[in-house]
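Contents: one structure, followed by commentary.
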Amino acid sequence: MHAVADGRVRTVADAPARDVAVVFGAGLRDGGPTPYLAHRLDTAAELYRAGRVKVVLVTGDNSRTEYDEPDAMRAYLVEHGVPDRRIVSDYAGFDTWDSCVRAKKIFGVERALLVTQGFHVRRAVALCGSAGIEAYGVGVTEPRDVTWYYGAVREIFAAGKAAADAVTDRQPTFLGPAEPGVAEALAHARGGTVATGSGPATDAPDTGSAGPG
């Protein structure tokens, strides 16, 4: 699976411009992002400031009321200079495959930069590719501490599940109706308005999860 992503992992400096960055959840500590998640969000904010992306889709776990990764991710990005209207929340990104499938089917993402740690980025690129997204990964560099080694070992076991998910085209834990958040945020970025209609709205504005105006 990792071989599929060879050549599609970049840095902030050489990542191709894309409308959307997807940031995967990585846990909370005392209600805020863990250091690893904060580093992913820092990278996404850097991509936004560099003009590489227009919108950031934060995808994570909100399976219980007291645990809300996407809202914590949104708050962190806003504190670091990303406008709230350029952030879209996916509250059912329970794992990498779910996040990729939902980005495509629910939010209409066709092309994206995926932001995550280096040990995870190739699996993310491969899975989003299998879900139908033309993706490049931006790997976040971390010191090789205990957390890094834990993540690297976990990837060995996660790769098997990832391959099975892609081969069987497993449905996400929660799919639900399409949401216009990404399209709305992009329309706002372009200074336009969303066209109404029944077709996909990948380039039109959306109202769902893009936050208050």
Side-chain angles (χ1 to χ4, degrees), residues 1 4-10 12 14-25 40 43-44 47-48 50-60 70 73 77 82-83 85-116 120-139 162 165-167 169-172 174-211:
M1 173 163 283
V4 174
D6 283 349
R8 303 192 74 85
V9 178
R10 304 295 172 84
V12 171
D14 66 2
R18 293 290 182 264
D19 282 344
V20 181
V22 178
V23 185
F24 300 89
R40 296 181 187 186
T43 300
L47 287 166
Y48 176 82
R52 300 287 182 178
V53 299
K54 298 182 179 73
V55 171
V56 181
L57 173 62
V58 293
T59 174
M73 295 163 77
L77 285 170
V82 181
R85 290 194 68 174
R86 301 295 183 86
I87 305 166
V88 181
S89 299
D90 176 11
Y91 294 95
F94 300 127
D95 61 22
T96 305
W97 175 248
D98 282 20
S99 293
C100 289
V101 173
R102 286 178 54 81
K104 171 68 174 180
K105 293 186 176 181
I106 303 302
F107 294 94
V109 175
E110 300 285 346
R111 305 197 305 166
L113 298 181
L114 313 179
V115 184
T116 185
H120 175 231
V121 71
R122 286 174 175 79
R123 177 162 63 95
V125 169
L127 285 176
C128 281
S130 294
I133 298 173
E134 192 267 298
Y136 281 85
V138 179
D165 287 343
V167 168
D169 195 23
R170 175 179 66 82
Q171 289 298 296
F174 180 78
L175 196 57
E179 297 188 22
V182 168
E184 285 186 350
L186 285 172
H188 177 261
R190 294 165 179 154
T193 57
V194 178
T196 58
S198 57
T202 52
D203 288 323
D206 60 351
T207 53
S209 52

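Excluded from the calculations below are hydrogen atoms, water molecules and symmetry mates; all remaining heavy atoms, backbone and side chain alike, are included.
Remark: Y136 engages no residue in a side chain to side chain donor-acceptor pair (under 3.5 Å) (not counting sequence neighbours).
Considering L47, V53, L114 as possible partners of V138, the one that fulfils the side-chain contact (heavy atoms from CB on, under 4.5 Å) test is L47.
Between L113 and A15, the shortest heavy-atom distance links the atoms CD1-CB, 4.0 Å. In plain terms, the two heavy atoms of G137 and V121 that are nearest each other are CA-CG2, 3.5 Å. Looking at every heavy atom in both residues, R52 comes nearest to D14 through NH2-N, 4.4 Å. Among all heavy-atom pairs drawn from Q171 and L175, the shortest one is OE1-CD2, 3.4 Å. The two residues A21 and V115 make their nearest non-hydrogen contact at CB-CG2, 4.4 Å. Contact record, D98 with P172: OD1-CA, 3.4 Å, taken as the closest heavy-atom pair.
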#### Entry: Pair E110-R18, salt bridge (charged side-chain N to carboxylate O under 4.0 Å, His left out): steps then yes or no
CA-CA 10 Å; E110 300 285 346; R18 293 290 182 264; over 6 Å; no
### Message
Does H120 form a side-chain contact (heavy atoms from CB on, under 4.5 Å) with T96? I'd like the steps, not just the answer.
### Response
CA-CA 9 Å; H120 175 231; T96 305; 2.9 Å; yes
### Message
Quick one, D19 with R190, criterion side-chain contact (heavy atoms from CB on, under 4.5 Å). Give me CA distance, side-chain angles, the key distance, then yes/no.
### Response
CA-CA 11 Å; D19 282 344; R190 294 165 179 154; 2.6 Å; yes
### Task
Evaluate side-chain contact (heavy atoms from CB on, under 4.5 Å) for H188 paired with K54, printing each intermediate quantity in order.
CA-CA 10 Å; H188 177 261; K54 298 182 179 73; over 6 Å; no
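Here the straight-line distance linking atom OH of Y48 with atom CD1 of I87 works out to 9.0 Å at 0.5 Å rounding. How far CZ of F107 is from CG of L57: 5.5 Å, rounded to the nearest 0.5 Å. Here the CE atom belonging to M73 is positioned 7.0 Å from the OG1 atom belonging to T59, to the nearest 0.5 angstrom.
When atom types are taken as modelled, the side chain of R10 and the backbone of P16 share no donor-acceptor pair closer than 3.5 angstrom. In terms of modelled atom types and a separation under 3.5 Å, the side chain of R102 and the main chain of F174 share a donor-acceptor contact.
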